Amino acid sequence: DNIREMADEVLQPEKARVLANSYNKNNIVEEIHNACDERWNACMELMDRSDDKARIASLIEKLGKGSAIIELGCGGGAIISILEKKLPEAQIFGVDYNGYMIKSALKNHPKTTFFVRDIVNWGDFYLFENKFDAVIIGSTLHEIVSFSGKEDESGVIEAARSVFKMASKMLKPGGIL
């Protein structure tokens, strides 16, 4: 029933009914992912035209060829695509809590190294300390608010603050956050 509800939300209602009656659970989940991919692609087209992407591009151009860059909350890799174009010789890493988004990003960015991690509750982030010339926190702050598990404003602010502290510890001296 939960899968049918998800299908109704993501897919067109008539397509969801057909799927629910004729497909098994795995096929329905695959169709939901395909529909999400279509929406994601539309979002990426909008992102390509955004001012945020241009600002990030101008900042990373200051980095050297062999720079190490990590994006926290990379999703499907919209910002990573800029990094790859602007700095093809850089070592690029992406982190996201959503394994499906990482799987999708891997298809488009096979040279990038990805990790599935929750950046709010990242137990082994110390392994990444002092490793990067740039740490990018793009479109992730709203996720911290949504998924931090904090009920009040001060808890959400503390969750965001802890992510920024962690990110700053990941930087090499003189790195860009």
Side-chain angles (χ1 to χ4, degrees), residues 36-37 39-41 43-177:
C36 290
D37 285 346
R39 289 183 181 176
W40 181 253
N41 291 339
C43 287
M44 292 304 93
E45 287 178 32
L46 292 173
M47 185 82 166
D48 280 339
R49 295 182 230 142
S50 81
D51 291 339
D52 291 341
K53 216 170 173 187
R55 275 192 296 268
I56 291 168
S58 70
L59 284 172
I60 63 164
E61 286 176 343
K62 297 175 184 176
L63 299 171
K65 289 183 178 182
S67 298
I69 306 165
I70 190 167
E71 181 185 5
L72 305 181
C74 66
I79 293 173
I80 285 173
S81 66
I82 299 173
L83 298 174
E84 290 176 339
K85 288 175 189 166
K86 296 282 184 181
L87 295 170
E89 296 171 16
Q91 299 170 38
I92 302 170
F93 301 83
V95 177
D96 202 279
Y97 73 95
N98 185 323
Y100 179 76
M101 294 305 292
I102 292 291
K103 184 178 174 184
S104 177
L106 274 167
K107 290 177 191 173
N108 297 318
H109 309 286
K111 293 180 182 178
T112 298
T113 303
F114 292 96
F115 300 94
V116 178
R117 298 288 194 283
D118 174 354
I119 64 169
V120 174
N121 302 298
W122 189 348
D124 67 349
F125 90 89
Y126 61 88
L127 297 171
F128 298 81
E129 286 183 4
N130 200 32
K131 303 277 188 211
F132 299 97
D133 298 292
V135 176
I136 298 170
I137 304 174
S139 304
T140 268
L141 290 177
H142 69 280
E143 299 289 351
I144 294 170
V145 172
S146 300
F147 296 105
S148 68
K150 310 296 184 193
E151 297 296 323
D152 61 7
E153 186 176 302
S154 65
V156 170
I157 290 169
E158 187 53 40
R161 199 174 274 141
S162 73
V163 168
F164 280 105
K165 283 180 188 175
M166 175 194 63
S168 66
K169 289 179 181 179
M170 297 171 105
L171 288 171
K172 294 176 182 176
I176 301 170
L177 178 61

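This is a predicted model, so every value here is computed, not measured.
Across all their heavy atoms, Ala167 and Leu177 have their closest contact at CB-CD1, 3.6 Å. Between Pro173 and Asn130, the shortest heavy-atom distance links the atoms CD-OD1, 3.3 Å. In terms of heavy atoms, Leu106 sits closest to Thr112 at CD2-O, 4.2 Å. Of all non-hydrogen atoms in Gly75 and Ala105, the two that sit nearest each other are O-CB, 3.8 Å. The shortest non-hydrogen separation linking Ala159 to Val120 is CB-CG1, 4.2 Å.
Of the residues listed (Thr113, Asp118, Ile119, Val116), the one engaging Val95 in a side-chain contact (heavy atoms from CB on, under 4.5 Å) is Ile119, and it is the only one. Exactly one residue among Lys169, Met170, Lys172 makes a side-chain contact (heavy atoms from CB on, under 4.5 Å) with Glu129. That residue is Lys169.
Annotation: the span from Lys111 atom NZ to Ile80 atom CD1 amounts to 14.0 Å, rounded to 0.5 Å. Separation of atoms NZ (Lys86) and CD1 (Ile92) is listed at 13.0 Å; rounding is to 0.5 Å. From Phe132, atom CZ reaches atom CD1 of Ile70 across 4.0 Å, with rounding to the nearest 0.5 Å. Taken from CD1 in Ile136 to SG in Cys74, the straight-line distance is 10.5 Å, to the nearest 0.5 Å. Rounded to the nearest 0.5 angstrom, Leu72 CG and Phe93 CZ are separated by 12.5 Å.
Using modelled atom types, no side-chain atom of Asp133 and backbone atom of Ile69 make a donor-acceptor pair closer than 3.5 Å. Distance alone, capped at 3.5 Å, is enough to place a donor-acceptor pair between the Asn98 side chain and the Met101 backbone.
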- Task: Determine, stepwise, if the pair Ile137 / Phe164 fulfils side chain to side chain contact (heavy atoms under 4.5 Å, CB included).
- Result: CA-CA 9 Å; Ile137 304 174; Phe164 280 105; 3.7 Å; yes
- Task: Please report the C-alpha distance between Arg117 and Asp124 in whole Å, then the side-chain angles of each, then the deciding distance to 0.1 Å, and finally whether the side chain to side chain contact (heavy atoms under 4.5 Å, CB included) criterion is met.
- Result: CA-CA 9 Å; Arg117 298 288 194 283; Asp124 67 349; 3.0 Å; yes
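With ring centers used as reference points, Phe115 lies under 6.0 Å from Phe128.
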